[in-house]
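These values consider heavy atoms only, across backbone and side chains, with no hydrogens, waters or symmetry-generated copies. Just follow the structure's listing: the first ligand is 1, and inside any ligand the first atom is 1.
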Amino acid sequence: MTDQLVPRIQLNDGLSIPQLGFGVFKVDPGETERIVSDALEIGYRHLDTARIYGNEEGVGRAIAASGIPRQELYITTKLWNDDQGDAATVQAAFDASLERLGLDYVDLYLIHWPTPARDRYVETWRAFEQLRDSARTRSIGVSNFLAHHLERLIGETGVVPAVDQIELHPYHQQPETAAFAEQQGIAIEAWGPLGQGKYPLFEIPEVTAAATAHGVTPAQVVIRWHLQRGHIVFPKSNRRERMAENFDVFGFELTNDEVAAITGLEREGRVSAHPDEVD
Ligand code: NDP
């Protein structure tokens with residue numbers, strides 16, 4: 001298995017992103033280097049981390065140890081809520097993330113949550129534009145923004161995020177936000193693509209029937225559903241065999257009916273707090 005098989009999604013800023021990557025939320029900082037090294041060995045080239053995960057250093061050590069040329073990797077990190085603010089505040093948080101990662105640029109930098117109670121995301125976004133202009137982040141985007149946050153951000157700055165990284169899995173598909181994003185040319189990154197293991201996604205007949213039909217696992221069916229719906233995904237696993245399983249999703253294709261049946265599972269079953277309430 002190599003990264004050559006992973007399609008790239010075109011972004012609205014002219015750049016592109018590998019559609020399948022590896023996420024490190026809740027990966028223990030002490031184990032991150034080993035786990036990310038495993039992921040890179042398997043073939044993953046797109047890594048998704050964040051300041052708040054506390055494991056940027058481990059991601060950076062794995063990158064350095066891999067010897068993989070920097071231009072073959074796609075690295076995302078995120079600005080945490082208490083670092084939102086003016087240009088100097090955002091710049092300092094960004095510099096600290098780059099230093100922990102041991103990199104001189106990232107491919108994508110995201111505002112992690114809108115945190116409307118702070119009311120600083122528009123100001124923060126203007127600072128993100130400056131970071132992108134400095135080329136130390138190639139693309140800029142947001143995370144957990146609902147349609148009304150996106151509308152305000154775009155209305156007040158005229159700058160459309162390249163991506164919106166939102167909770168999205170068969171039980172929580174956020175159709176309103178996804179439709180608004182599509183209309184604006186914003187790519188959707190689906191976090192919690194497997195529902196974080198909090199729902200019995202792998203036991204639902206719509207998923208198990210497709211798994212049996214294609215001779216694959218239910219997790220592979222769910223990841224394949226995301227890919228065929230056009231989402232960018234980065235499932236997390238601490239286990240090497242599951243990392244390999246989650247990456248091995250290019251040898252089969254779901255039928256339109258199978259995709260539609262899984263899409264029909266929507267039930268507003270979120271795993272996180274509502275983005276208007278997270279501070
Ligand atoms: P996922 O939906 O990727 O689920 C991860 C869980 O599924 C873990 O418990 C893992 O267990 C299990 N799992 C993984 N692969 C398999 C498999 N093949 N079969 C059975 N179980 C499996 O949840 P995440 O929250 O980690 O989402 C993915 C990434 O999205 C994060 O790592 C992070 O990068 C990003 N994210 C972003 C957020 C945001 O606010 N922007 C919020 C949350 C996540 P095990 O490790 O034991 O294999």
Side-chain angles (χ1 to χ4, degrees), residues 17-29 31-32 34-36 38-39 42 44 46-56 58-59 74-81 97 101 106-115 121 141-146 149 161 163-174 177 187-204 207-208 211 216-227 231-249 269-279:
I17 180 170
Q19 197 181 1
L20 178 63
F22 184 74
V24 295
F25 177 48
K26 293 208 171 145
V27 173
D28 185 85
E31 287 199 278
T32 303
R34 174 188 64 77
I35 288 170
V36 173
D38 279 351
I42 284 164
Y44 290 91
H46 167 183
L47 304 173
D48 184 273
T49 184
R51 184 212 113 182
I52 200 67
Y53 302 168
N55 55 24
E56 289 172 311
V59 171
Y74 192 98
I75 311 298
T76 299
T77 194
K78 314 184 191 87
L79 179 91
W80 187 240
N81 303 343
S97 276
L101 286 162
V106 291
D107 296 278
L108 178 61
Y109 196 42
L110 304 180
I111 301 179
H112 206 143
W113 290 88
T115 62
Y121 65 81
V142 296
S143 177
N144 297 301
F145 276 48
L146 303 177
H149 305 124
V163 309
D164 190 5
Q165 182 178 123
I166 55 174
E167 179 185 342
L168 203 166
H169 47 78
Y171 275 2
H172 187 58
Q173 299 175 38
Q174 307 215 41
T177 297
I188 288 290
E189 296 195 324
W191 71 250
L194 303 175
Q196 293 187 337
K198 292 178 182 162
Y199 295 104
L201 284 184
F202 303 155
E203 286 150 36
I204 307 167
V207 173
T208 55
V216 297
T217 66
Q220 288 172 316
V221 166
V222 174
I223 293 167
R224 190 70 217 176
W225 171 81
H226 281 288
L227 297 176
H231 310 149
I232 299 155
V233 275
F234 20 82
K236 169 263 171 189
S237 179
N238 284 353
R239 309 185 204 185
R240 193 179 166 113
E241 67 279 8
R242 285 183 174 172
M243 293 177 201
E245 173 186 335
N246 296 346
F247 199 66
D248 183 14
V249 288
R270 66 172 69 248
V271 299
S272 75
H274 191 285
D276 269 330
E277 284 153 21
V278 173
D279 188 25

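Geometrically, ligand 1 and Ala219 share no nitrogen or oxygen pair separated by less than 3.5 Å. Considering backbone and side-chain N/O atoms, Pro193 comes within less than 3.5 Å of an N/O atom of ligand 1. Remark: ligand 1 and Thr49 share no N or O pair separated by less than 3.5 Å (distance only, no angle test).
Protein heavy atom in closest approach to atom 2 (O) of ligand 1: Leu194 N, 2.7 Å. For atom 15 (N) of ligand 1, the closest non-hydrogen atom of the protein is Asn246 ND2, 3.0 Å. The nearest protein atom to atom 25 (O) of ligand 1, hydrogens excluded, is given as Gln196 NE2, 2.7 Å; this is a heavy-atom distance. Of all protein heavy atoms, the one lying nearest to atom 34 (O) of ligand 1 is Asp48 OD1, 2.7 Å. Of the protein's non-hydrogen atoms, the one nearest atom 40 (O) of ligand 1 is Asn144 ND2, 2.9 Å. Here the protein heavy atom with the shortest distance to atom 27 (O) of ligand 1 is Gly192 N, 3.0 Å. Residue, atom and distance of the protein heavy atom nearest to atom 47 (O) of ligand 1 are Arg239 NE, 3.2 Å. When only non-hydrogen protein atoms are considered, atom 16 (C) of ligand 1 lies nearest to Arg242 CD, 3.5 Å.
Under 4.0 Å from ligand 1, not a single heavy atom of Thr217 appears. The proximity of Ser143 to ligand 1, defined as any non-hydrogen pair under 4.0 Å, is limited to the side chain. At a 4.0 Å heavy-atom cut-off, ligand 1 touches Phe234 through backbone and side chain alike. Contacts between Lys236 and ligand 1 below 4.0 angstrom, taking non-hydrogen atoms only, involve backbone and side chain alike.
For ligand 1, the atoms closer than 4.0 angstrom to any heavy atom of Gly23 are 32 (O), 34 (O). Every atom of ligand 1 is numbered from 1 in the order shown, and the set under 4.0 Å from a heavy atom of His112 is 39 (C), 40 (O), 41 (N). Against a heavy-atom cut-off of under 4.0 Å, Glu245 is close to the following atoms of ligand 1: 18 (N). Shown in contact with Gln165 at under 4.0 Å from a heavy atom are these atoms of ligand 1, numbered in order with element: 35 (C), 36 (N), 37 (C), 38 (C), 39 (C), 41 (N). The ligand atoms of ligand 1 that sit less than 4.0 angstrom from a heavy atom of Gly195 are 2 (O). For ligand 1, the atoms sitting less than 4.0 Å from at least one non-hydrogen atom of Pro235 are 3 (O), numbered in the order shown with element in parentheses. Near Phe202, the atoms of ligand 1 lying under 4.0 angstrom from a non-hydrogen atom of the residue are 19 (N), 20 (C), 21 (N).
For the pair Leu47 and Phe234, the minimum side-chain heavy-atom distance is 4.5 Å or more.
Under the 4.0 angstrom criterion for non-hydrogen atoms, Trp113 is in contact with ligand 1.
Side-chain contact, Thr217 with Glu245: a donor N or O sits under 3.5 Å from an acceptor N or O. When only modelled atom types and interatomic distance are considered, His149 and Asn144 share no side-chain donor-acceptor pair under 3.5 Å.
Looking at residues two or more places apart in sequence or on another chain, you find a side-chain contact (heavy atoms from CB on, under 4.5 Å) between Glu277 and His274. The side-chain contact (heavy atoms from CB on, under 4.5 Å) search around Phe25 returns Tyr53, Gln196, not counting sequence neighbours.
In this structure, Phe247 has its ring center no closer than 6.0 Å to that of Phe22.
Within the 3.5 Å criterion, the main-chain N or O of Gly21 finds no donor-acceptor partner in the side chain of Tyr74. A donor-acceptor pair under 3.5 Å links the side-chain atoms of Lys78 to the main chain of Thr49, judged by distance alone. Side-chain atoms of His226 come within 3.5 Å of backbone atoms of Pro193 as a donor-acceptor pair (strictly under, hydrogens ignored). Judged purely by atom type and a 3.5 angstrom limit, Gln173 uses its side chain to pair as donor or acceptor with the backbone of Pro170. Between the side chain of Arg224 and the backbone N or O of Val249 there is at least one donor-acceptor pair closer than 3.5 Å.
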Let me see the working for His169 and Trp191 under ring pair (Phe, Tyr, Trp, His ring centres under 6.0 Å), right down to the final yes or no.
CA-CA 8 Å; His169 47 78; Trp191 71 250; 8.0 Å; no

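Within the set Phe22, Trp191, Phe25, Tyr199, the minimum heavy-atom distance to atom 39 (C) of ligand 1 is found for Trp191.
Closest approach of Gln165 and Glu189 over heavy atoms only: NE2-OE1, 2.8 Å.
Note on Glu31 versus Arg34: salt bridge recorded, some NZ/NE/NH1/NH2 to OD/OE distance being below 4.0 Å.
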